[in-house]
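Sequential numbering from 1 along the given sequence is applied to the chain's residues.
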Amino acid sequence: MDHDRRSSSLPVADLQSKIDPVCGMTVPADSPRTTNFDGTTYVFCSDSCLRKFADAPQAVLAAREKKDRKAAAGGAEGHSCCGGSTSTTNDNDSSCCSSSSRAPTSASADPQAVYTCPMHPEIEQIGPGDCPICGMDLEPKIVNVSDQGDDGQYTDMRRRFWFGVAFSVPLLIIAMGPMVGLHVADQISHSAVGWLQLAMATPVVFWCGWPLLVRGVKSFRSMNLNMFSLIAVGSLAAYLFSLAVVLFPAAIPEAFFENGVPPLYFEAAAVIITLVLLGQVLELRARQQTGGAIRELMQLTPDTAHRITENGEEEVSLDAVDKGDQLRVRPGEKVPVDGRVLSGSSSVDESMLTGEPLPIKKAEGDDVTGGTLNQTGALVIEAVGVGGDTVLSRIVQMVADAQRSRAPIQKLVDQVARYFVPTVIACSMAAFIGWAVFGPEPQLAHAFVAAVAVLIIACPCALGLATPMSVMVGVGRGAQEGVLIKNAEVLEVMENVDTIVVDKTGTLTQGRPELTAIKVYGDWQEADIIKFAAAVEAQSEHPLAQAIVRRAKHDGLSVCEATNFDSITGGGVHASVDGRQVLIGKADLLADRKIDGVDAGREQAAAQQSEGATVVFVAIDNALAATLAITDPIKESTPAALLTLHELGLRVVMLTGDAEPTAKAVAAKLGIDEFHAGVSPEEKHEFVRKLKSSGKTVAMCGDGINDAPALAAADVGIAMGTGTGVAIESAGVTLVGGDLRGVAAAANLSRKTMSNIRQNLFFAFVYNALGIPVAAGLLYPFLGVLLSPMIAAAAMSFSSVSVIANALRLRAAKLTN
């Protein structure tokens, strides 16, 4: 049997739903869990279903065929993943997964969208539902920027919690009051007290706790046992035993009696449900807080845009804007979509992308990004990227996907969790038997209390939350700093990075070089040199070329058009300008071409290069005419960022295509540990590969395009820039501001997040390691203490709260100096 673990990046529109033959759940056709049997490919919602099918494929298919026949005959056989929900729909309809038994999701839920579990991103299906592994409500996989979120599930759980509190508190006073001197029900018979408690506990258990019980039942039907399995067994055991006491008191064995009457545990069942609901409310609230970064990004775009039509201007919703539409952006308005300026000029605040406070001048032909703020002038733009194609949408989706991703350390948790719940149930049964056989009177009462307490206190919700909560908060914290993490695996790998490889231009420096000095040779005038050089370089996209062109524009020089332009492999360009042959490039290139006077320019160039300038040689008609010193200023933030990296114990290596003297000057000024000059993209790739083979864990910082080979070779690729296009897609980390501080922030974030995960796992494991023996009665022989199920429920909730609170500390983590 061939298990195919392929991953797919198909758009939602291309997905077709299929049915998991084990549980009947609707699963996307590109699910990573597939297997081939008798020439047919089957898809599965979880590893558990895949294993069951692999063990007995013919039996599974026979059972599925039987269910399908019953459904076709008008039966009410529902999807087994939904706990046998009585749905009359066919198996391609996911509506049974969104029945009234589950908490409401967004009012605008799209039944055709792909939904996934926030804790188990491998679970996907068409339409809303709940996770067959952990029972959580699924959420849309594709984030809609125009959707500001819906807190329906949180509101519903909070309502159920407060209803539970309203009934559980008086119930607790009635049942436990005598222990503290509150005899509120002494004048009522034991039978009447039982009926009163039954009336108060029933709505708490079966209305407040209904979502919890449904998830617990589903977990047993699919055998994906989880926290809800233990909650359902524990609370229902307490409730049903008490119900039997009320309805059939004579049938209760005397071994259960306390003070001559059978005990009631209605208050335990109600308080357990209420405390679990408290944990759910706190968890949902924490999840809302972890989504703050996404909501902040979503709120950057306006709700409407001003579209220009043949009939004038109209205000339309953002969803109605199509690619190619002409839009007007007035002063003070946010740019609605990614576009290109057709007319007008303005200053645009792009700090949401770059982190730079200074606005950028925009004029005809310039690109603008959705979510940036137009400040001074009116612009007419053509929509280039709309909907999910905008830079902001891709950033939002990247953050959302990363928050749902699973760190490799989670595999350990999954392996433990697979056997944890069955082990807890076995421990509960062992505790019951031990107390029933060896315990003091009333033996069965003690045994029952111990068994239920073990089930409740061992609820693995803290274990399940430990890794996902830290990942969600950590990724969101990074997004606030302009550090976009592609997935949780990157966080884990980044923690072990010991060597940072950086490019010079645009990473350490501003990436916008300027022509700062000109040395003229022969009878040429400085203005003539600039005109000739700018005419040739106008046809080049190289940053150094653009520096020369900008200088010509700044000086107001009239530049002729160059002809016969040729880019020379080896570092230079050649063209004809006004009847003269102009060659621009490195000194070695001019020397190879037998240009007169090159040696005279080398000495001047060496002095300028020693100060960090890049020197370009200009030859006209086979003779050296000038040397141009071009300087790319070091970013103000670079020294502080390098200091942080060194404080973290990281070694910084600079690879640059610049000349040796220039690279040496920059490295010395910044305190770079190691540098290599004159390096080509292929050589950068080979250098990174050699570092890895020597045992180093390497992070490579580049622009995500020219440095693609080296980025791919590194353990972690870090794309510098504005987060557009290839940069977002190609690297494990994208720094939207293009600032080296982001590298330091990413390194710090990975260490703090992984440390937080380990703390959470420690809390969860130690809590269960101590809680189960205590609940089973370990302290009774020494202190005479037997843990109440209510206390166990409170302790279980506290463990979840401690994990959540610890994860939320990452929101205030300081990532850079």
Side-chain angles (χ1 to χ4, degrees), residues 361 363 365-366 503-506 509-591 593 595 597-598 600-602 604-609 611-634 656-659 661-663 665-666 678 703 706:
K361 293 288 185 180
D366 290 335
D503 188 22
K504 180 178 74 70
T505 304
T509 62
Q510 293 180 2
R512 188 181 172 86
E514 299 295 336
L515 177 56
T516 54
I518 301 173
K519 172 63 175 176
V520 177
Y521 297 89
D523 297 331
W524 293 101
Q525 298 297 315
E526 186 175 296
D528 294 331
I529 296 295
I530 296 175
K531 287 197 296 183
F532 278 113
V536 177
E537 298 288 22
Q539 300 187 46
S540 173
E541 295 296 328
H542 196 281
L544 298 182
Q546 294 304 304
I548 298 173
V549 173
R550 283 195 297 272
R551 175 61 180 269
K553 290 181 178 179
H554 178 270
D555 292 350
L557 300 177
S558 177
V559 178
C560 300
E561 184 175 352
T563 59
N564 301 322
F565 177 84
D566 181 30
S567 178
I568 303 169
T569 304
V573 290
H574 174 270
S576 297
V577 181
D578 199 18
R580 294 183 178 274
Q581 299 301 310
V582 182
L583 176 64
I584 304 174
K586 298 179 180 178
D588 289 343
L589 173 66
L590 273 65
R593 296 295 179 96
I595 301 299
V598 174
R602 289 185 187 271
Q604 176 71 22
Q608 293 170 326
Q609 288 171 338
E611 297 176 0
T614 298
V615 179
V616 175
F617 287 68
V618 180
I620 300 177
D621 292 339
N622 294 318
L624 180 66
T627 56
L628 310 180
I630 301 175
T631 304
D632 188 3
I634 293 173
T656 178
D658 253 343
T662 303
V666 172
D703 62 10
N706 294 334

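- In this structure, Ser576 and Asn564 approach most closely via the heavy-atom pair OG-ND2, 3.6 Å.
- In terms of heavy-atom proximity, Val598 sits nearest to Ala591 at CG2-N, 4.1 Å.
- Residues in residues 615-627 take part in these side-chain hydrogen bond (donor to acceptor under 3.5 Å, both in side chains) pairs, two or more places apart or across chains: Arg580-Asp621.
- Sorted by first and then second residue, the salt bridge (Lys or Arg N to Asp or Glu O under 4.0 Å) pairs with a member in residues 545-555 read Glu514-Arg550, Glu526-Arg551, Arg551-Asp555; sequence neighbours excluded.
- When all heavy atoms are compared, the tightest approach of Ala527 to Leu557 is O-CD1, 3.8 Å.
- From Asp566, atom CG reaches atom CG of Leu583 across 10.0 Å, with rounding to the nearest 0.5 Å.
- Residue-environment remark: CD (Gln581) exceeds the threshold of 12 foreign heavy atoms within 6.0 Å.
- With Gln539 contributing its side chain and Phe565 its backbone, the two residues share no donor-acceptor pair below 3.5 Å.
- Considering all non-hydrogen atoms of both residues, Val618 and Leu624 come closest at O-CD1, 3.6 Å.
- Applying the side chain to side chain contact (heavy atoms under 4.5 Å, CB included) criterion to Ala552, with sequence neighbours excluded, gives Ile530, Ala534, Val559.
- Qualifying side chain to side chain donor-acceptor pair (under 3.5 Å) partners for Gln604, counting only residues two or more places apart in sequence or in other chains: none.
- The closest side-chain heavy-atom distance from Ile630 to Ile548 is below 4.5 Å.
- Residues Cys560 and Ala535 come closest through the heavy atom pair O-CB, 3.2 Å.
- A donor-acceptor pair under 3.5 Å is formed between the side chain of Thr662 and the backbone N or O of Ala613.
- Residues passing the salt bridge (Lys or Arg N to Asp or Glu O under 4.0 Å) test with Asp588, sequence neighbours excluded: Arg602.
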Can you give the donor-acceptor pairs under 3.5 Å from side chains of residues 515-524 to other protein atoms, not counting sequence neighbours?
unit_1, atom_1, unit_2, atom_2, d
Thr516, OG1, Ala629, O, 3.2
Thr516, OG1, Thr631, OG1, 3.1

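- With contacts defined as side-chain heavy-atom distances shorter than 4.5 Å, the pair Leu628/Ile529 qualifies.
- In plain terms, the two heavy atoms of Glu537 and Ile584 that are nearest each other are OE2-CG2, 3.5 Å.
- You'll find the side chain of Phe532 reaches within 4.5 Å of the side chain of Asp578, heavy atoms only.
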